[in-house]
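Both ligands and their constituent atoms are indexed starting at 1 by order of listing.
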Amino acid sequence: MSVDVQHGQQGINGIWSSRWIFILAATGSAVGLGNLWKFPYVAGEHGGGAFVLVYVVCIALIGIPILLAEVMLGRRGRMSPINSMLYLAKESNVSRWWSCIGYTGVLAGLLTLSFYSVVAGWSLHYVVLSLTNKLYQISATDSKLVFNALLKDPWQLIFWHTVFMLLTISVVGAGVIKGLGRAISIMMPLLFILLFVLLGYSTFVGDFEAGWRFLFSFDTSKLTWASILDALGHAFFTLSVGMGVMIAYGAYMPEKKASLGRTVLAVTVLDTLIALMVGLAIFSIVFANPSIKLSSGPGLLFVSLPVAFGNMVMGQLFAVIFFLLVAIAALSSAISLIEPAVAWLVEYKGYKRYRLVFVLGFIIWCIGLGSVFSFNYWSELKLFGKTFFESLSFLTANILLPVGGLLTALFVGWRMDRDSVIDEVGDIQRGPYRWWFRVLRFVSPVLLMIVFLTSLW
Ligand code: TRP
């Protein structure tokens, strides 16, 4: 491995064309299956409002401070997470071992993408199902059968997993400016439009009031220790922190003087608003149909929602819109999961980006086959009571992510050269950054340790 990081490597992967593109790209990374698929059913399982409140607190106390830290590391390092960390460790005169933040991030990103792509593939399958009217007036029993038939058919799963991986690598292969930047500037406006259309529709046909009541009235009796832990884990996942993804994206930020705090707040507010809006839309639609049992777990999106759509005015059209929205959100997240690894290999080996992306994509695709088979051939094969898919999701979200986030908070809060921090964000003795720095040093690491240890235990 090359020991000395050359400054000449800075910026070889490209720069976003504006700060606005950075905000969109970071929001695109943050808004994904976590918001559209996971948040509604986890909130459903934990009783709604009370969970939402804890989740928002976790976003404020852990999500925002670490997100800001990551973007700052990227903007200062100006390279892939691994090389940025090597450079910053040297600048701060501390051990090179801090670059493990970059290495675990790259690993976690690749592993996450392997199963993320499989679930994203489901949404593509559902776009086709609703386009071909297969979900029209579907009953709850049939909807379950349709979903189970998909999971039991490895060839279908492999097909959609392949399509999604091809989409991902074709965007990333085209580079930061022509690939990610351009795709983001098309996908994000589309995502916002689809979202508003869907929300409008849900206020018309759904039981908006019931949805609102469910999501925002809180019943503290449902607030268990488990819901707090889930809220904390989800806050990480939904903001895309803990994997160095935001270091990679921060490294492509253009002008140096833009306020990091405001940028990071914009991303967080957008991500949280979108999660809440989608949650509201989904619950209004589901509640409009009293026969649907709620908290139906991971199947909420692929089992309950098709039943609701199938029996509504213009439901088929809006089902297409909805699943397209899920697919777009997943794609704008998937590209961020592979980017740190690609950026690093481009800097380190100087290989052509599209070739690297192809090879990496193939490796991820192969690992993804494990997740595909865990729903059929290998459904009985369990490690500590978890299938391959569940183990990977646990390893990444519950272990690698909190560790990455903890190390990031510790590095920036305790080890990084203080003058560099001040150079990037401004005064940390007064004003809002003072609070950021204190929370990052004292609050976030402690809370994180608690989650990490409890989730292991
Ligand atoms: N935040 C995305 C979601 O909500 C998933 C994601 C993309 C992610 N990149 C990440 C999670 C990096 C953790 C780290 O679906």
Side-chain angles (χ1 to χ4, degrees), residues 24-43 55 58-59 62-64 66-67 69-71 74 80-81 101-102 104-123 164 168 171-172 180 184 187-188 191 230-250 264 267-268 270-279 298 301 325-343 364 392-408 448 451:
L24 286 185
T27 309
S29 166
V31 176
L33 295 171
N35 304 58
L36 291 125
W37 170 63
K38 206 167 167 199
F39 177 72
Y41 84 75
V42 181
Y55 159 79
C58 294
I59 294 270
I62 301 181
I64 296 177
I66 298 182
L67 180 57
E70 280 200 12
V71 178
S80 65
I101 292 176
T104 54
V106 164
L107 179 71
L110 300 182
L111 292 178
T112 304
L113 183 55
S114 79
F115 66 85
Y116 204 83
S117 164
V118 175
V119 178
W122 302 349
S123 65
F164 189 80
T168 307
V171 171
V172 180
L180 294 118
I184 284 295
M187 284 196 287
M188 295 313 284
L191 188 126
D230 268 355
L232 206 45
H234 188 66
F236 254 103
F237 191 81
T238 190
L239 284 181
S240 298
V241 293
M243 274 190 204
V245 161
M246 292 299 177
I247 302 182
Y249 273 19
V264 160
V267 174
T268 313
L270 279 172
D271 180 70
T272 311
L273 269 184
I274 291 177
L276 295 177
M277 274 161 60
V278 171
L301 212 66
L325 175 73
V326 178
I328 292 174
L331 184 59
S332 63
S333 299
I335 56 179
S336 76
L337 286 166
I338 192 174
E339 179 58 27
V342 175
I364 296 168
L392 262 194
S393 158
F394 181 82
L395 173 70
T396 52
N398 294 31
I399 298 180
L400 295 176
L401 239 97
V403 171
L406 179 64
L407 291 175
T408 305
L448 264 174
V451 195

With heavy-atom distances below 4.5 Å as the criterion, would you say the side chains of Leu270 and Thr27 are in contact?
yes
Among Thr112, Leu113, Val106, which residue satisfies the side chain to side chain contact (heavy atoms under 4.5 Å, CB included) criterion with Ile338?
Leu113
Name the residues with a heavy atom less than 4.0 Å from ligand 1?
Ser29, Ala30, Gly32, Leu33, Gly34, Asn35, Tyr116, Phe237, Thr238, Ser240, Met243, Val245, Ser333, Ser336, Leu337, Leu401
Got a sec, which pairs hit salt bridge (Lys or Arg N to Asp or Glu O under 4.0 Å) with one end in residues 239-249, sequence neighbours left out?
none
Aromatic plane relationship, Trp37 with Trp122 - under 30° parallel, 30 to 60° tilted, over 60° perpendicular
perpendicular
Would you say Val42 and His234 make side-chain contact, with heavy atoms under 4.5 Å?
no
Determine whether Thr238 and Lys38 make a side-chain contact, defined as any pair of heavy atoms from C-beta on separated by less than 4.5 Å.
no
